[in-house]
Colleague: 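Have a look at this one before I ask anything.
Chain letters run A, B, ... following the sequence lines, proteins first, then strands; residues in each count from 1.
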Protein chains: 2
Amino acid sequence: MPRIVGERKDALKGIAEVFRVHGFDGASLSLISEATGFGKGSLYHFFPGGKEEMAEAVLSDIDHWFEQQMFAPLRESGRPREAIGDMIANVERYFQSGQRICLVGAFALSDVRDRFASRIADYFTAWRQALSYALQRAGHAVAHADALAEDAVAGIQGALVASRAFNDRAVFARVLAAIAARLLAEPA
Amino acid sequence: MPRIVGERKDALKGIAEVFRVHGFDGASLSLISEATGFGKGSLYHFFPGGKEEMAEAVLSDIDHWFEQQMFAPLRESGRPREAIGDMIANVERYFQSGQRICLVGAFALSDVRDRFASRIADYFTAWRQALSYALQRAGHAVAHADALAEDAVAGIQGALVASRAFNDRAVFARVLAAIAARLLAEPA
DNA sequence: GTCTATATGGAGATAGAC
DNA sequence: GTCTATCTCCATATAGAC
């Protein structure tokens, strides 16, 4: 008997989770089918382009979420220092203290990087720019703000790798705290 | 006609490269066969445990290389600040300005982490300890040295992710320079 | 829109001749 | 120690009934 009628967006969260845990290559359609509750037929109905189209949709979804929850506040807040503090707290929550990795970062490190290169670069570029702009409004010179922002965005990825490597979420907390301290230090 | 007789160690570099580029799952025996010049028969003769044993051997090889080239000098040099500077230069060279990723870091981020958890943790732990010890001899208090070392080890991984994400080796150079500046700052 | 059945290819791994 | 042939399994993707 057919399940309740669904739509494309209902599958996205489950697909994202499978890509996050198993990577693009390791994300088999069986796993995706299990995680979403949709059969292969339905999945190909929603995503005729197969896994590639699923990954595009997931990356687009993540981009949208970060834009709204992380980047826009950094760009628009009247209290830039506060917005930076909120970003750190959001990072801690979103990545679950390092227990959950960054799908975009993992793709960047893997052999599918070239296939999704522009989406990956856009995500990181938007983050760096939004953070740099907040730092500038907080009183930093442009060049210094750019450097700090780039260092922080990279540092967060490093914190994720390291906390998984050490298998210790405390590592994530400590490295993130060090990044926060650099971002929130008084402008020279 | 059979090729010149080889041995296990002749295959390691090629196998490592395939794992680095394609990840554990993406590293098919065909690719490994092509990269090493050995047929599947020979590969299974050298590594009866298949891909798993190949990965163990590669990780062990990398561990050995880093121990000799990077960790031992950090632990033993009479000029710790100089040793730290050398480490940065070695990192720049080894990872080819971010064009070459860290196999251990990539494994840590992927779903094979649990399978090789202790080797991965050992590699990062040895690095962190060796660097912290050099920082202590350079005049830092133990707690500060530990924190600086952890931040730097994580930061290098982040620099690799970011430079691939931005597809810009200048990112690697800049982030690595920022890490070096923190490591070489005068002790408080 | 959902499902089952199936096509086709390539995966990891093994056997055995040389 | 090397190779080719082969086994089995599961991958992505498709076709078509409901």
Colleague: Kindly write out the residues that satisfy ring-ring contact (aromatic ring centres under 6.0 Å, His included) with His45(A), not counting sequence neighbours, or none if the list is empty.
Modeller: none
Colleague: Among all residues two or more places apart in sequence or in another chain, which pass the ring-ring contact (aromatic ring centres under 6.0 Å, His included) test with Phe46(B)?
Modeller: Phe38(B)
Colleague: Tell me, which pairs form a salt bridge (Lys or Arg N to Asp or Glu O under 4.0 Å) where one or both residues lie in residues 122-136 of chain A, sequence neighbours left out?
Modeller: Arg128(A)-Glu150(A)
Colleague: Between Ser30(B) and Glu34(B), do the side chains contain an N or O donor and an N or O acceptor separated by less than 3.5 Å?
Modeller: no
Colleague: Provide, to the nearest angstrom, the distance between the CD atom belonging to Glu7(B) and the C1' atom belonging to dT2(D).
Modeller: 15 Å
Colleague: Rounded to the nearest angstrom, tell me the gap between atom CG in Leu31(B) and atom P in dA11(C).
Modeller: 7 Å
Colleague: Hey, can you tell me if Phe172(A) and Phe95(A) have their rings parallel, tilted or perpendicular (30° and 60° cut-offs)?
Modeller: perpendicular
Colleague: Taking for each residue the nucleotide of DNA chain D with the nearest heavy atom, is it Ser30(A) or Phe46(B) whose nucleotide lies nearer the 5' end?
Modeller: Phe46(B)
Colleague: Nearest-Å distance, NE2 (His45(B)) to P (dT2(D))?
Modeller: 7 Å
Colleague: What do the steps show when you test Asp61(B) against Lys13(B) for side-chain contact (heavy atoms from CB on, under 4.5 Å), and what is the final call?
Modeller: CA-CA 9 Å; Asp61(B) 199 46; Lys13(B) 296 283 170 254; 3.0 Å; yes
Colleague: Can you tell me how far C1' of dC3(C) sits from CD of Glu34(A), to the nearest Å?
Modeller: 17 Å
Colleague: How many Å lie between CG on Asp25(B) and C1' on dG10(C), as a whole number?
Modeller: 14 Å
Colleague: Just by protein heavy atoms under 4.0 Å, how would nucleotides 13-18 of chain C read 5' to 3' in B, S and -?
Modeller: BB----
Colleague: Can you see whether Tyr94(A) has Arg100(A) sitting over its ring - NZ or CZ less than 6.0 Å from the centre and within 45° of the normal?
Modeller: yes
Colleague: With a 4.0 Å limit, can you tell me whether Ser42(B) has a side-chain N or O closer than that to the phosphate oxygens OP1/OP2 of dG1(D)?
Modeller: no
Colleague: Return each pair, listed once, that meets side-chain hydrogen bond (donor to acceptor under 3.5 Å, both in side chains) where at least one residue sits in residues 155-164 of chain B; pairs must be two or more places apart or across chains.
Modeller: none
Colleague: If we ignore angles and hydrogens, is there a donor and acceptor under 3.5 Å between the side chains of Glu82(B) and Ser77(B)?
Modeller: no
Colleague: Take atom CD of Glu53(A) and atom C1' of dT12(D), then tell me their distance rounded to the nearest Å.
Modeller: 15 Å
Colleague: At a heavy-atom distance below 4.0 Å, what parts of residues 15-24 of chain B sit against DNA chain C?
Modeller: none
